[in-house]
Structure formats: C-alpha cells, structure tokens
Amino acid sequence: MTVTRAAADTLSVLDRPNSYIGKTVPRPNLDRLLQGRGQYVSDLELPRMVHAVFLRSPYAHARIVAIDADAARRMSGVIAIVTGRELEAVITPWVGVLLHLKGLKSAPQHAIAVDRVCWQGEAVAAVVATSRAAAEDAMEQIAVDYEELEAVTNMRTALDPATPVIHASLGDNLAFERTLDAGDVDHALSESEVVEAEFVFGRHTGVTLEPRAVVADWNAAEARLTIYQGTQAPHMVQNIAALHLGLREAQVRVVCKDVGGSFGIKVHIYADEMATYALSKLLRRPVKFVADRIESFNTDIHARDHRCRGRIGVRPDGTITAFEIDDLTGIGPYSMYPRTSAIEANQVVNLVGGPYVTPNYRARARVVFQNKNVMCQYRAVGHPIACSVTEGLVDLAAAKIGMDPVEIRRRNLIADDGYPCASPSGMKFEQLSHHASLAKLLQMMDYDALRAEQAALRAQNVYRGIGIASFIEVTNPSAAFYGVGGAKISSQDGVAVRLDAQGSVICQTSITEQGQGSESLTAQIVGSVLGVSMDRVRVTLGDTDNTPYGGGTWASRGAGIGGEAALQAAKVLRRNILDVAAAILQSTPAGLDIVDNRIVNADDGVSRIELNELARIVYFRPDTLPPGIQPELMATRHFVPRQYPFAFTNGVQASWLEVDTETGFVTLLKHWVVEDCGTIINPQLVDEQIRGGVVQGLGAALFEKCVYDERGQLTNANMADYLVPMSGEMPDIEIGHVVSPTLESELGAKGAGEAGTAGAAAAVANAVNDALRPFGATITEIPLTPQVILTALGRI
Amino acid sequence: MKAAAFAYARATSVVNALELLAVHGDKAKVLSGGQSLMPAMNLRLLSPEIVVDIGGLAELRGIAMRGGVLVVGALTRHVDLLRSPEIALHAPLLRDAVSHVAHPAIRNRGTIGGSLAHADPASELPACVVALDATIVARGPTGERRIAATKFFKGIFETALSSDELLVAIEVPVTGQGSTFFFQEYARRHGDYAVVGLAALAVVAAGRFSDLRLGFFAVGDRPLLAAAAGKLVNACVNRGLLAEAAAALTNELDPPEDQQATAAMRRHLATVLLRRCVADLLARPELATGVTK
C-alpha cells in the first residue's frame, strides 16, 4: 500500500490503540446470514397477508381496449383484481424529472397502466390472492383486449420525423440533451492525427440474487403504512410513498432488513412496488409482492444501452490534444422516478477524458424514449461507457502513432502533484493518484514480462492481449447529485450512538446494508473511536422509525458519509463518557482515555474503571455523582460533503486474456486493479467490493445483454439465455491500493463500489483488440461474443 | 413462476409406472431427475395433469457389465456416470461428456434416462449415445423393445418413445483395442448448453482411422452422426482431405440460428471441432489449425 500523504503529526482518532481501522475483521452479520437467520423480505410472513401478482403486457406498445376479469374473480383464493383505472383513486401518477437536468422531460407514469401500455412487461392489472400460485392461476383467466400500436425500438431512428412519438404531449421522443464545448476542439484536431470509432454497448441489467420484494401493511387503526422492502434508500421510499398516497411522511414507516443484492437496481421507485403499497391501503391488509425472475428481467431497470461516436486527437509525441463524443442512449418509455434516466448520459459527458490533462473536450449526449423496459442508474452509473470510450480511444491513438499503451497514458494522465484541479467538464478533483496507481499496476502485473510472453506465444499462433484502463470514479455525492434538482433524496447521513447500562454500544445509522459491509464498517469506526471492542457494538439500520434521517447506501456513499457521521458521533459520546469518568474518578477528561472497554489513565494506561461500572453508576446511582453533572451517554451527528460535489477516486485496471482466433472464444487469464479510495476501513470489504464490481464489468464485456427484437420483445428474459458472469469464467483478480484520503472528512474515506465495474470492460476490450492486432481487426462493441469476434476476423 | 396444479403419483415399480402411463397417456409426464421438467412446469411451459415420479424405482438404477455390453440404468445420475469405474473403463466418452453438463447441483439430480428421453438437441448425452452406437431399452404395455440410438431421436424434444413407454436402460457396446474418443464443446460459459459440440469415437491403427463416429450436437434438431467422417476412414489424412471432409460436413449440417450463433457460425465451429478432433485422435497437432492470419 502506498500512502501519498504524510500522516498527521499526532495520532488521529483512527490510529488509537486497538483500532479496527485498516484491519480485516469478520463482518458482525456473517453468522446470522450463514445460519439462515437473515431477514429477507421474500421470507416475510404476516397475519392476513395476501399475495399480489401482476398481469403484464405482452406488447411493447398497445392500447388497452378492455379487461375481462370476471372468470378470474370467481376463482378460489382470489381476493381482488385491480386495474390501473381502479388503483388511480388510491395513488397518484408521477413524472421522473429533476430541475438541474435542464430540459429533461417525461410523461406521467401510473402504478398500473391506464389505457395504454408502453413496454412489454408493464403491469396491466394486479391479482391479489391467498397464495402466489392461486394468483398466477387466476391471472391466466384474465382476458385483455389489446390494440397493438407501432413500437419505437431503434434508438437511432427514435428522433426521425417518420417515427411515432410515444407521448404525444411531449412533442417528440427526445427526453434530454446535453452539450458541452470546452477549450478549442476544432483547432486541436486540425493539428493532430485524428482517430474515430463508434462504441456500442449492450443494454444490460443488475440481476440481483433476491428479486425486488415488498410487503406493504396498511394499518387502518393507526392510519399508518409499514413498508418492508429491499431498498437502498428507506427515507426516499418513505417520502415518495407518502407523497403519492396522500399521507404525511410520519404515516409511513419503511423497514429494510437484509437485502439479497442491489447494485443500484433497488434504489428506484418501481410502479409495481407503488401498486403494492396502494393495494394494501385499498384492501386494508398486508400485501406481498416478490418479482419472479422473468418479471425481474422485464421490469428491473436496465442500463448502458448506448452508442457513442468518439474522436481523439493525438500528436506524434503522444500528446492527446482533444476528445470529442456524440452519445445516444435509449431509456424506455419513461424517465425513471425519482432519480431520472438522464443521469447516466449526463455522467458519460462528465467523465469522458477525466483522467487526462487534455483541456479540449466537446460532447453531445441525447437521451431518447423507446418502447422497451425503463433504463436508469445501475452500479457505476455512466462510468463503464465513459471509461470504455476514453480508454478505447486512447489505445486507438497509441496504435495510430505506434506508441505503447502504457507510455501514452504516462504522458497524458494528470500529474499526481497537480491537484486540486478540474476537468474540462467541470469536475473538481481534490487529490488523485493516476501515476502512482499505474506504476503499482505495472509492477503487480510485471508488464514487461507479460509483453515478452505475449510475443513468444504469437509465434506459436497463440493470441494473447493486454488491456489497460485508467478511470475516475464518482463517490460520496453531495446534494449536487439529486437534492439541487428538487428530489427529496438526502445527501446527508446521521448516526446515533449510545452506551447501554452494561457498557455496550448501540448505534443507529441511516446508511443501509445490502452486503457491502455497512454494518461492519460502522461498528469498526465506532469501536475504534470509542475504545470499545466490536463485539460490544450493535448496529441498527434500515428502519425509518429507528434511525436518523439519511440517504442510505448508493453511489459509494456509505463509508465516506455514513462512516464520518459515525466517527463524529462516537467522538462526542467518548467526550461525554470521559466527562462523567473524570467526575467519578476526580480526574480530568484529558487525563483519561477509553481503551478496551475501560477507562484508563491517558499517560500510563493504568486501568481506572470499567465502562459497565461507569454505566451502572450513571443509570442506577446518579445520586452518587457530583452536583451539576448530567451525563449524556447518547450522541448523534450528521455529515454531508460540502466542499466538493463528489469525492472523486481513481484507479487503473489491466486484463490479460487469450482469444481463440478460430472459435472467437475469449479466456480471461488474469485481472489487476489498483484503486485509491482514500482511507481503507476494512481491506477485505474494499477488495471484495472491487472484485464484485470487476465481475459485473466482465459480465458486460463478454456476456450480458438484454436482447430485444424489432417489436420490442425482450427475448432472453431468463437465466439460461441472459448470461451472467459465473465463477468458471472469472480470472483471479488481484487488487492493490494507493491511499489519498479526502481532507473533507476526518475519516478520509472515499467510496470503492463503482471502481471495479467502471474499468473492467474497457480493460477487456482493449486486451481483445491487443490480441487481435496481428489480424488488423478492431472491435468497439460489447459484449465481445464469439459471434462478434469471428465476424470481425472475417471467419464467418 | 409457480407450477399450475397437478396430480402426483410415485410409482412403486416399473409395472406400476407403466400402468399409470397407460391410464393417463400424454396427459402424464414422467419425473426422473426433474432438472428439465420442473423448470418447464414452473414457467408453465408444461402443465401435465399428472406427474409420474419414477425416482424410487431401484430396479432402474445401476451400471453393470452384461456379456460385453455395459448396461446403464435409466435412473443413473450424471454424478454416477462421472464417478463410475465401469464407465471410466468401458465408456470414458460418457465420463468426459458429463463434466460439461450443467453444474454439480444439477448433475446430482439429473439422470441419463431423463436426458435422453427429454432429447434436447443441444445436450451432450444424446450425441454420446449416438457416437457410442448404443441401444435404448424401452418398456411398454406389451413388453420391452430395443431402439438403436441413431433411430431414437426424432426432433427437438421428440423421441421414438410412445406416451405409454418408459425408457429403462441404455446398452453401450464395450469398445475394443485401439479405440479412442474425443469430446469437446463450445459453450458461452461452463455448464451452458453447447453452441456446437462433438462426441467422437474412433478406432485408430497405424495412424489411420479404421472407424470414426462423429456425433455432433447443437447443430440441428437432433444429434447428428456425421457422414463426412466416412471420408477420413481407411485413408491417409492430410490437410487437403480434412478440408474435403470439413466441406462435406458443412453441406451436411442445417444448423439453427439463435442468440448465441448464426447458422454460419455453427457450421464454422463444427469444422473447427472436426479438425481439432481429428488432430487429437491421430495425435497430429499440425492438423488442428486451419487458416491463420
């Protein structure tokens, strides 16, 4: 690990004796999950609970002429069959736009379609029955008369005058457009070699292990709705459910215990979840909806459906003079609520060229409607597109001038002592470490030896390739992400910490846990700062009634924002404890410390009083405390980044792979990542975040794609035909770190959740092209299927 | 994804199973390992009125040598094929093929009889029994009949079995001296259905094939015993002859197009497999590569 900044002169709160910071410690929730005691919504049973299934449109675009549910209503076990028109009385429609995305437009979307369906899979009616099976039986008996309408499926023709407009009230199919022109691109390109390519990305999705699941329980006696849901943002769900059901937020409680994977899929508001809340209110009983796998493919947000034309200018000495992109993306018929479907394209514009000093940058991004499932933010929003385009262009430029891909990066990456600085798109960088990261990567992979091996194998008709991809990563978002656009999505988080009557610590945090280790990192920070062992720290999260208000866990914000709130809260509690201890011990707070669950002398470490004894006195014998002392053994602090809109991190990835040039199959041999997420709280959690992210990026590179036909039918909505990456095809993934803490928080942690996904596909694509260089073939399309590779090689 | 309601009967004997099939005809489905049937029912692609579970029939289990023939019971699971010393000794092609079938959890439940009766043209075992020149033993209300594997597969999910018959065993002739085999498939991920695969059995003497059976799969509506193999038997194989055989193979195939491959890609991959198979069986690596660069 390379530390690029000198440690402070004095020990920080993170370097105390018995600190858990920077150590791999087991996650406190592991036993619970491994012993089958996880609390997943899919498993939840409540008294009088009924099950909802949704009859979904088989057409991508159709008018609903009539729905005949009479036969279905009479079936055994059926409680209700509810259409969009009927549910409209309970829940209002929404429009997924935000003010800061100027010009973004969308149409009102209903919980269940009213009069018209706009994608294959949109719900047309809800069937509520005593079991899921009974509901599915009844669903088969509902007759819907559809009048099929022309479907808009090709994003390249979505804006043509001849193409039907999906929402007449919007005037056209353009949801959002952003342009950017920084420096002087035309001048730069006129004095450079120019390379151009069109990059094509497969639409894909998150495929969580546990599908989306919700139990909504309207308690008419209390006039309160309890929503049990696998979500990344409980307070956002609370706000929106209340808004559209005509309730005050205080009337809605959102409980989110264990979640079987999210990846950004579960940070949105889905129509069928809204319908489930409304059905519970309508029927005055608990209603459960768990998406099945086909529904997941048809309704979980998709992402990354982009075609991006890119140009790069380069001089013979390797200087990159300009980047230019023209990005087009199709988002389905609605902008998703409430985060909108313009963020991904917006991020692409923000991030292209980001690692490099090049000041000349022009971009256009257009976001169009189509009759396919909705697209929105999925892990590493926009990063894989921006990174693949940028790094693909850099490699093409290097090939054009005959320069090694590493050398061209060395000559153009922002210098490690060049911070703070800003990118041409206005992104502010506090402190990045591109060069230190690249140097570390080359050392880990033994770059020169690999190049020699590659050359030797080529003589034996074995074609291996090396691909490098530098990247920047958006983490710790401030209100600049959503709040400024009017979304009620908090960018601050809060943590409450209290000492119980036996000297243990109870900690409530507004960040959530979906497997990242939020619970662990919170306990590590609180335990370290307080001087309490981790087994005495109990963390509660995912309950709007019982945690402070906050954003939740998404956009790599949990550790950096929620972690800092935990640190600050623990510091206050520590001070409060020492105040009491000083009174009890007739000492001074400065003369005492808390180490290993007891109060000790700060100077010689001699033990003075156990924390449980202190707690006993405070809670049961306050009469023995000196007059005027009112102990406060609970403290709450909140944190939000204010100085930088985002805490950018950086890193670099490399892929080593072999292409069978006769069959087009790619074998991944090894993958390396060097990442700089600032302070590392738990190295194992960080490394596994990165590995998991890389695997999702490798899925995009080689396997994953939602295949639609020209009528807007998703033709591979199952686990046999939609290929997720599996362990058999994954290479060993080696991780290294450079540490540049953010100075905006005392903790210094940035995020690490997007890094792996951000650059993995770019590294693989560059490696495949490196392997194919002797054949003169260049591919700028993912997934890199055997069909694509054989076609590029002219074999078929 | 819940199956529609169905009746369930657990057969107590083969005779009992046949009685149940006789009563219910094509409204019944036989449940063996359930690895294809249950997903199809949960997806409501199949809604049988009754499921006849033969899982408890011990008489359909086991692998035994009987007079120069290896008899494999229909309920023999994939995992048993993978671990059986008899299979390793007398029909190692099956062992190699099974390691490509799905994943351990599925191999622990799936059976050879179920796989053959299901007759998915992209699956491994049907091509193997064709290459091995095996015989399928079926029992029906009127007794037992033997069907050559080459005549057993009739189309996608279609076999020579009638709805009142039960596949009870597979008889595999034991391979003799000089016999060798080859199994390879191209799949997007390990355990996926093959894009193209080849199960081959050969007799090689003095560097020549005296017999060569090439069972291609995922290239048509059923496993294909390639006639093109004939060009390579009792001949001195060189690049030219191999190219001729590849061209003949290409003409013989009428592969489907799906999301993994076009027909042209399947033809191409089949010829790559052919070359690699021949190079491997004759231990002549120089034959493996076709054109490069």
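Residue numbers start from 1 in every chain, and the chains themselves are labelled A, B, ... in the order their sequence lines are given, proteins ahead of strands.
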Engaged part of A:Ser131 at the chain B interface, taking heavy atoms whose separation is under 4.5 Å: neither
Among B:His103, B:Met265, B:Arg189, B:Lys2, which residue forms the greatest number of heavy-atom pairs with chain A at distances under 4.5 Å? B:Arg189
I want to know whether B:Phe157 and B:His118 have ring centres closer than 6.0 Å. yes
I'd like to verify something: which residue of B:Thr271, B:Leu273, B:Val196, B:Leu269 has the highest number of heavy-atom pairs under 4.5 Å with chain A? B:Leu269
If you count heavy-atom pairs under 4.5 Å with chain A, which of B:His190, B:Gln260, B:Arg188 comes out on top? B:Arg188
Segment of A:Glu729 engaging chain B (4.5 angstrom heavy-atom cut-off): side chain
Whatever's closer than 4.5 Å to a heavy atom in chain B on A:Leu702 counts as backbone
By a 4.5 Å heavy-atom criterion (distance strictly below it), what part of A:Asn718 contacts chain B: side chain, backbone, both, or neither? neither
Nearest-0.5 Å distance that lies between atom OG1 in A:Thr778 and atom CZ in A:Arg773: 6.5 Å
Hey, do the aromatic rings of A:Phe297 and A:Tyr708 have their centres closer than 6.0 Å? no
So what's closer than 4.5 Å to chain B heavy atoms on A:Met730: side chain, backbone, both or neither? neither
Contact summary for A:Leu698 and A:Pro731, nearest pair of heavy atoms: CD1-CD, 3.8 Å
Where does A:Leu723 contact chain B at under 4.5 Å (heavy atoms): side chain, backbone, both or neither? both
Quick one: CD on A:Glu140 to CZ on B:Arg44, what's the gap to the nearest 0.5 Å? 4.5 Å
Which region of A:Val290, side chain (C-beta onward) or backbone (N, CA, C, O), has a non-hydrogen atom less than 4.5 Å from a non-hydrogen atom of chain B, or is it both or neither? neither
Can you tell which part of A:Glu295 gets under 4.5 Å to a heavy atom of chain B, answering side chain, backbone, both or neither? neither
A:Asn154 atom CG, over 12 foreign heavy atoms within 6.0 Å: yes
